[in-house]
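These notes concern the structure reproduced below.
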Amino acid sequence: MDVNNLKNHALNIRRNIVQMVYDAQSGHPGGSLGCADILTYLYFVEMDVNKDNVKTTNRDRFVLSKGHCSPALYAVLKEAGLLDDDLKTFRQIDSNLQGHPNMNHVDGVDMSTGSLGQGVSTAVGMALANRLDENGKRVYALVGDGESEEGIVWEALMAACHYKLDNMVIIFDQNGLQIDGNVQDVIGPLPLKEKAEAFGANVIECDGHDFEELDKAFKAAREYKGKPTVIVAHTVKGKGVSYMENNYAWHGSAPKEEDYKVAMEDLKEVK
Amino acid sequence: MAQETRNAYGEKLAELVAKDKNVVVLDADLTKSTKTIEAKKVAPERHFNAGIAEANMMGMAAGLAASGKTVFASSFAVFAAGRAFEIIRNSICYPKLNVKVCATHAGLSVGEDGASHQSVEDVGIMRTLPNMKVFVPCDQYEAKAVVEYVAKLDGPCYVRLGRGKVEDVYDENKVFDFSKVDVLRQGKDVVLFAMGLMVQEALKAAEELNATVVNVSSLKPIDEEGIKELLKSHKKAYALEEHNIYGGLYSAIAEVKTKTDITTPVYPIGINDTFGESGKAKDVLQKYGLTAENVIKVVKG
């Protein structure tokens, strides 16, 4: 694992996230920037997806349960050379790059998501299918901490634990913020670690921006047998863009020209 | 003979899972009631219980289907079409995944359990979903044929099944064509379009009314041409359904008619925008007017 290389990919992904949301003047930059390092790790280290197998299901699959972070998904697919579409078409009419991902429009989008909580549930179905097919492939689902307020997330975790789906990893992207503010002020979904443990999962906490920690967590998940692994990844919403960091106002708003310039300056080089 | 359509479903599903290793079955703690237990006996490794979590069951179904499986997911109609609606919408219908939602205990004929368990709106809900096909078989033979048919279709389907025994309309020799409505009896002036257990009631009423009886088991897609011809060749039409008069068969027939200049009036005989109640199935059906006697009364005015 070449950390510097990963950091460069993550930087390009972040620049594309800002560019897409700016061009469309619509989209969700905060959470997308926050999960960029996790997606970079998944697509450049962890998963076996490539140009030759992307059209198939005989490979590791990723479900972006927090579907509003589609800019991060499109940007990582682009960075990995798996996406032909022009990122400028994001959220425009006739585009494959829908506001929330559509699996039938884009190879490499493994599930249509957007309605929160459902992605993790569908990932359980995929993991069951992989087990039936004995293909040894793994499934990853990225779930927001705000998203964990949806009951179906816990129904899905209950099922994943009951069926001992050690071929799947549920990643909680814990940035502490949702549209209406701090998650604890809105309704209080935390702590996620203890909840997931109580459901029977193998739970690992890590810094969602530290590639060494992510590497340790995902390697440990791969080794763990008999239970699904939940990785509680602590992240900073808006990571990399100074004024967006830890500011829920940037959950779903697009930067204007001045803000855009500052963002691109912030993302000029690896820090 | 009389048989429950849910029993027919269970028997046919057991055949399908035995024949095809790609078929996977999901249930939500109702395996004995929905009869998916029959499939579990044959292929336990491809039967998954989601527990009392219908929403997650539909999500799991979507994930299995996204992996190439043909998935049958069952619960009571109230929970399958109702509670899990939005998962069916966003995770099954929007991505056009190959999930067959086979919902049992539909309608007032659930009986004693009462209104909370008597789905009066499921056909309406499911019919409005893009990519969804909707079927309502009327007896055991048709139920088996529908289950076999949807297994071969690629994409989301909803099959409405009942709890109670219903008399046979067909026999084992019947060859079904779900692209057409099925004229069971040719009469004069009055045509009774019926779905589900109201087909039997229509047949019972037809003699006295000298009415034409039509079984409409494919609600979506619906045989528009067949319905138009029948409307044109009769003076009055009725839509008979164990379903709210909004959104179900009456709506579907009216939608076909109002796209044309056909003037034949269409009247509903169904559940008049109300919930049901507890009671023996036959008592509930009688109280809510879903009997041959009431059909005769309404048609005769």
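Chain letters run A, B, ... following the sequence lines, proteins first and then strands; every chain starts at 1. Since this is a predicted model, take the numbers as computed values, not measurements.
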Worksheet item: What is the minimum heavy-atom distance between A:A159 and B:M60, and which atoms define it?
Response: CB-SD, 4.0 Å

Discussion item. Restricting to non-hydrogen atoms, name the atom on A:M111 and the atom on B:A66 that form the minimum distance, rounded to 0.1 Å.
Written reply: CE-CB, 3.6 Å

Practice prompt. Could you tell me whether a side-chain N or O of B:N90 sits under 3.5 Å from a main-chain N or O of A:S115, the two making a donor and an acceptor?
Written response: no

Worksheet item: Where does B:V24 contact chain A at under 4.5 Å (heavy atoms): side chain, backbone, both or neither?
Response: side chain

Worksheet item: Which residues satisfy the side chain to side chain donor-acceptor pair (under 3.5 Å) test with A:N202, sequence neighbours excluded?
Response: A:T229

Worksheet item: Which pair of non-hydrogen atoms, one from A:S121 and one from B:N56, has the smallest distance, and what is that distance?
Response: OG-OD1, 2.6 Å

Practice prompt. Please say whether more than 12 non-hydrogen atoms of neighbouring residues, nucleotides or ligands are located less than 6.0 Å from CZ in B:R89.
Written response: no

Discussion item. Taking NZ in B:K96 as the centre, count heavy atoms belonging to other residues, nucleotides or ligands within less than 6.0 Å. Is the count above 12?
Written reply: no

Worksheet item: Do the charged groups of B:K69 and A:D133 touch, with an N to O distance under 4.0 Å?
Response: yes

Worksheet item: Can you tell me how far the CD1 atom of B:I87 sits from the CD atom of A:Q118, to the nearest 0.5 Å?
Response: 4.5 Å

Item to complete: Heavy-atom distances under 4.5 Å only: say whether A:L128 touches chain B with side chain, backbone, both or neither.
Response: both

Worksheet item: With a 4.5 angstrom heavy-atom cut-off, which part of A:A123 approaches chain B: side chain, backbone, both or neither?
Response: neither

Worksheet, complete the sentence: Okay, A:T122 and chain B: the region with an atom under 4.5 Å from a heavy atom over there is both

Discussion item. So, taking the atom named OG in B:S67 and the one named CG in A:N58, what distance separates them when rounded to the nearest 0.5 Å?
Written reply: 11.0 Å

Worksheet item: Measuring heavy-atom distances to chain B, does A:R131 have an atom under 4.5 Å in its side chain, in its backbone, in both, or in neither?
Response: neither

Worksheet item: Under 6.0 Å from the NZ atom of A:K55, do we count more than 12 heavy atoms belonging to anything else shown?
Response: no

Worksheet item: Is it the backbone or the side chain of B:I52 that comes under 4.5 Å from a heavy atom of chain A, or both, or neither?
Response: neither

Discussion item. Counting neighbours of NZ on A:K51 that are heavy atoms of other residues, nucleotides or ligands and sit closer than 6.0 Å, is the number greater than 12?
Written reply: yes

Discussion item. With a 4.5 Å cut-off on side-chain heavy atoms, are B:N49 and A:Y163 touching?
Written reply: yes

Worksheet item: Are any non-hydrogen side-chain atoms of B:F48 and A:L132 less than 4.5 angstrom apart?
Response: yes

Fill in: Pairs of heavy atoms under 4.5 Å with chain A: top-ranked of B:A61, B:A55, B:A62, B:G68
B:A55

Discussion item. Looking only at heavy atoms and a cut-off of under 4.5 Å, which of A:N104, A:V124, A:T56 has the most pairs with chain B?
Written reply: A:N104

